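The shown structure was predicted, so the numbers you read here are calculated from the model rather than taken from an experiment. Along the sequence shown, residues carry numbers from 1.
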Amino acid sequence: MVYTFTLGPRRGWLTRLLGRSPLVRTSDRLEALTLLLVTILVLGAAPIAGAVGTVVYSSHSAAYARQADGRHPVPATVVQDSDLTVRPYSVTATVHARWQDHGRNHEATFAWDRAARAGEHLDIWVDGAGDYAGPPPPPGRAASDAICAGVVLWLAAVTLAAMTFTVVRFRLNRIRH
């Protein structure tokens, strides 16, 4: 006995949906229709996710540019040795420093990425008022934000579609059996 396996246009789910075979049950047609609608949903979600990514990119790049325009670097002198805070996967130093901006003296305590000794000079970022503001976000961050937003939205649509198809198929199999 020889078994053959063939793929072709006459064996697919579209044939189940649109074919006239008396062996195809109504539940088979409903399952094929659900698969078609889920496929359309997944393919239709891709341009929407791309548009959302584009909106996120333009808004975040403008916000990051405004932040970068409002900040400038100044040299600061550490007043006292920094205290280290150790957390899982990170070490943060608390630095107390003094600096001068636009003829005014400023002094503040802020988080730093490494330990600093008293008298050490650091380059810090300050805002227009001369207060510590931290470094501006890098320009490439807007692109990564946009990619993440688009991918997460598209994956949410794919997950929703897969869950819908799975529930429909489960219910149809229960009816069939």
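Partners of Asn173 according to the side chain to side chain donor-acceptor pair (under 3.5 Å) rule, which considers only residues two or more places apart in sequence or in another chain, are Arg176.
The nearest pair of heavy atoms linking Thr166 to Ala162 is OG1-O, 2.7 Å. Closest heavy-atom contact between Ile124 and Ala76: CD1-CB, 3.8 Å. Between Val78 and Ala116 the shortest heavy-atom distance is CG2-CB, 3.8 Å. In plain terms, the two heavy atoms of Ala68 and Pro136 that are nearest each other are CA-CB, 3.8 Å.
The main-chain N or O of Gly134 is found under 3.5 Å from a side-chain atom of Arg71 such that the two form a donor-acceptor pair.
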| request: Would you sort out whether Leu172 and Ser27 count as a side chain to side chain contact (heavy atoms under 4.5 Å, CB included), showing the intermediate values? | output: CA-CA 6 Å; Leu172 289 174; Ser27 61; 3.9 Å; yes
| side chain to side chain contact (heavy atoms under 4.5 Å, CB included) evaluation trace for Leu122 with Trp112 | CA-CA 10 Å; Leu122 306 173; Trp112 197 251; 3.9 Å; yes
| Audit row: His72, Asp127, side chain to side chain donor-acceptor pair (under 3.5 Å) steps and yes/no | CA-CA 7 Å; His72 59 277; Asp127 59 12; over 6 Å; no
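Salt-bridge check for Arg25 with Asp28: passed, with a basic side-chain N closer than 4.0 Å to an acidic carboxylate O. With respect to Glu120 and Arg114, a salt bridge is recorded, a charged nitrogen being found less than 4.0 Å from a carboxylate O.
Taken together through direct or relayed side-chain contacts under 4.5 Å among Ile, Leu, Val, Met, Phe, Trp and Tyr, Tyr57 and Val52 form parts of separate hydrophobic clusters. One hydrophobic cluster, built from ILVMFWY side chains closer than 4.5 Å, holds both Val95 and Val74. Hydrophobic cluster membership differs between Tyr132 and Trp125, with clusters built from Ile, Leu, Val, Met, Phe, Trp and Tyr side chains linked at under 4.5 angstrom. Both Val56 and Ile48 are assigned to one and the same hydrophobic cluster, defined by single-linkage of ILVMFWY side chains at heavy-atom distances under 4.5 Å. Residue Leu41 is not grouped with residue Leu35 when hydrophobic side chains (ILVMFWY) are merged at heavy-atom distances under 4.5 angstrom, including chains of intermediate members.
For the atom pair CG (Asp83) and OG1 (Thr109), the distance works out to 9.5 Å, reported to the nearest 0.5 Å. Taking OG1 from Thr164 and CG from Leu160, the interatomic distance works out to 4.5 Å, rounded to the nearest 0.5 Å. Arg98 contributes atom CZ, which lies 8.0 Å from atom OG1 of Thr77 (distance to the nearest 0.5 angstrom). Remark: Gln80 CD to His96 NE2 distance equals 6.0 Å, nearest 0.5 Å.
In this pair, Trp99 and Phe110 present their aromatic rings perpendicular. The plane angle is above 60°, beyond the 30 to 60° band.
Applying the ring-ring contact (aromatic ring centres under 6.0 Å, His included) rule to pairs touching residues 155-177 yields nothing, sequence neighbours excluded.
The shortest side-chain heavy-atom distance between Asp131 and Val126 does not fall under the 4.5 Å cut-off. Counting heavy atoms from C-beta outward, Thr94 and Ser82 have side chains that stay 4.5 Å or more apart.
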Donor-acceptor contacts, no H, no angles, side chain residues 145-157, under 3.5 Å, sequence neighbours left out:
{"unit_1": "Asp145", "atom_1": "OD2", "unit_2": "His60", "atom_2": "ND1", "d": "2.8"}
{"unit_1": "Asp145", "atom_1": "OD2", "unit_2": "Tyr64", "atom_2": "OH", "d": "2.7"}
{"unit_1": "Trp154", "atom_1": "NE1", "unit_2": "Val42", "atom_2": "O", "d": "3.2"}

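Sparse packing is recorded around CZ of Arg169, with 12 or fewer heavy atoms of other residues, nucleotides or ligands lying under 6.0 Å away.
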